[in-house]
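The block underneath contains the structure these notes are about, expressed in structure tokens.
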Amino acid sequence: MIHALHKEVIAAVAAFEEQLASHPECRGDLAAEAALAGKPRRHAAFYLGRFPDIDQGEGKPAPPPPLRSPEERLLDWLKGAAGPLEMLNPISQVRGLGKGTGTLPASFGIHLNPELGFTPDGARPLDDVLKDGLPDPETSGIFPEMREDIDATKALTPEWIKIALPDMQGPFNIAHMVLGDDAFIAPLMEPEAWDAFMSMVTEFFIAAHQTLTRWIGPERLDTHPSRFHRIAECSVNMCSRDFYLEHILEYDLRIAQYYGEAAIHPCSGAHVFHATWERLPNVVYTEAGTMISKMSAGSISVDEALKAIDGRPIMLGIGEELADGRQEETIKRIFDLAATNPRLTFGFTGHGWKKGDEPLIRELHQRMNEYYARVTGV
């Protein structure tokens, strides 16, 4: 049976390679590399999608997935890797690891709910986490499973398929997922315990990064900063700038100094964008975009972000939500920026679109691909 599975993997690799070669306009990995280097590119390779259609049953809890072997998980990824092409969305020859945002919190004893996409479920008291001490980055949480996935990918696929680190998040995001809302109270009420905990989270973050990097090896490692040197700051949007500077920044600084260069996910927050941009060293990638959805801290516009960047060679990942009736207008306005700034990547999510609008979305996607090519003239 294993031999038959390996043959399926070989066939799936060949099919995936053909899809990559046939769709240069959807190569998200190549677009990201060009943007980081500041090189003009012919294809935007941008995401255009919609929110889940609740009326069609999308976005509801799903039954837990069946247990799968590492080889079966690899085959599942290979068969699904070209799936975004159905909507003309980007694909990449990079396999990711982990289980989303909860990947590192799982090592601190946080349960990941399989019915909700393995999102973190529940929280733990600060004292209990401190008593447990530093998790082992080789054996805790889902690290053994990630090592299985790394080994299977390296053993059964060619070297051109790269392996990306999982969603490492950032120290305060991890703290929020482990402690729950106590992450906003402990810095004020238990500053010494907070520092001990955050220092442990930061030490584990760095040790986990080193461990995974060693397991993957230089020949297979995906090192694009937006994935390899990423610090996600979603939960910082739920606190003030002063709270961030006083209780969180020092741990981000330790990670940024370890990285040497930093890629920031500000989760659209304006004060998060500016605080990280101004205080963290050697930022080479950050993000901006208007969020129409209700955001606790608002959102930073692309224009405001570009004004702060002020022409420096920084890659900007744009994530823009599209208002009804203004989808094409908004995309064109953003794409016009690419005529003079090749360091941009793009993702758009339309409000009001339903599953039945997918033909319209695909048609708009193709039309905007053509518009991007005209604007950039590459």
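In what follows, residues are counted from 1 in the order of the sequence shown.
- Within 6.0 Å of CD on Glu18 lie no more than 12 heavy atoms contributed by other residues, nucleotides or ligands.
- Note: Phe108 and Phe204 have perpendicular aromatic rings, judged against thresholds of 30 and 60 degrees for the angle between ring planes.
- Side chain of Gln19 to main chain of Phe16: no donor-acceptor pair is present (N/O by atom type, distance under 3.5 Å, no hydrogens or angles).
- A salt bridge is absent between Arg367 and Glu370; no separation between the charged side-chain nitrogens and carboxylate oxygens falls under 4.0 Å.
- Counting only distance, with no hydrogens or angles, the side chain of Glu320 and the backbone of Thr290 share a donor-acceptor pair below 3.5 Å.
- Between the side chain of His271 and the backbone N or O of Cys239 there is at least one donor-acceptor pair closer than 3.5 Å.
- Not one N or O on the side chain of Asn173 forms a donor-acceptor pair closer than 3.5 Å with the backbone of Gly170.
- Using a distance-only test at 3.5 Å, with no hydrogens or angles considered, a donor-acceptor pair links the side chain of Lys162 to the main chain of Glu219.
- Contact check for Tyr258 versus Leu253: no side-chain heavy atoms found under the 4.5 Å cut-off.
- Classified by interplanar angle (parallel below 30°, tilted 30° to 60°, perpendicular above 60°), the ring pair Phe228/His209 is tilted.
- Side-chain atoms of His43 do not come within 3.5 Å of backbone N or O of Ala45 as any donor-acceptor pair.
- Within a 6.0 Å sphere centred on CG of Leu67, heavy atoms belonging to other residues, nucleotides or ligands number 12 at most.
- Below 30°, between 30° and 60°, or above 60°: for Phe184 and Phe243 the angle between ring planes is between 30° and 60°, a tilted geometry.
- Using a 4.5 Å cut-off on side-chain heavy atoms (C-beta onward), Glu86 and Pro84 make no contact.
- Between Phe197 and Trp194, the two ring planes are tilted [angle within 30° to 60°].
- No side-chain heavy atom of Ile255 sits less than 4.5 Å from a side-chain heavy atom of His229.
- For the 3.5 Å distance criterion, the side chains of Asp195 and Tyr251 qualify, holding a donor opposite an acceptor.
- Side-chain contact check for Val129 versus Met200: some heavy-atom pair is nearer than 4.5 Å.
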Any chance you could lay out the salt bridge (Lys or Arg N to Asp or Glu O under 4.0 Å) test for Glu329 and Arg326, step after step, and finish with the verdict?
-> CA-CA 5 Å; Glu329 169 193 339; Arg326 298 182 60 190; 3.4 Å; yes
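- Using a 4.0 Å cut-off between charged side-chain N and carboxylate O, Lys60 and Glu115 make no salt bridge.
- Between Phe335 and Phe46, a ring centre-to-centre spacing shorter than 6.0 Å is recorded.
- When atom types are taken as modelled, the side chain of Arg343 and the backbone of Leu36 share a donor-acceptor pair closer than 3.5 angstrom.
- Residues Asp121 and Leu116 form no side-chain contact, since every pair of their non-hydrogen atoms from C-beta on lies 4.5 Å or further apart.
- With 3.5 Å as the limit, one finds a donor-acceptor pair spanning the side chains of Arg254 and Ser199.
- Side-chain N/O atoms of Thr157 and Arg220 include a donor and acceptor closer than 3.5 Å.
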Full working for side chain to side chain donor-acceptor pair (under 3.5 Å) between Glu72 and Ser69 | CA-CA 5 Å; Glu72 288 171 323; Ser69 70; 3.3 Å; yes
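- Ionic pairing of Glu25 and Arg42 is not present here: no N-O contact between side-chain nitrogen and carboxylate oxygen is shorter than 4.0 angstrom.
- We find that Arg241 and Glu278 are joined by a salt bridge, their nearest charged nitrogen and carboxylate oxygen being less than 4.0 Å apart.
- Side chain to side chain, His265 and Gln169 fail the donor-acceptor criterion of an N or O pair below 3.5 Å.
- Side chains of Ser140 and Ser107: a donor on one and an acceptor on the other come within 3.5 Å.
- Between Ile231 and Tyr259, some side-chain heavy-atom pair lies under the 4.5 Å cut-off.
- With hydrogens and angles ignored, the 3.5 Å screen pairs no side-chain donor or acceptor of Lys154 with any backbone N or O of Ile163.
- Asn237 and Tyr244 share no donor-acceptor pair across their side chains, judged by distance under 3.5 Å alone.
- His351 places no side-chain N or O within donor-acceptor distance of the main-chain N or O of Leu322, the cut-off being under 3.5 Å.
- For the pair Glu58 (side chain) and Asp53 (backbone), a donor-acceptor distance under 3.5 Å is present.
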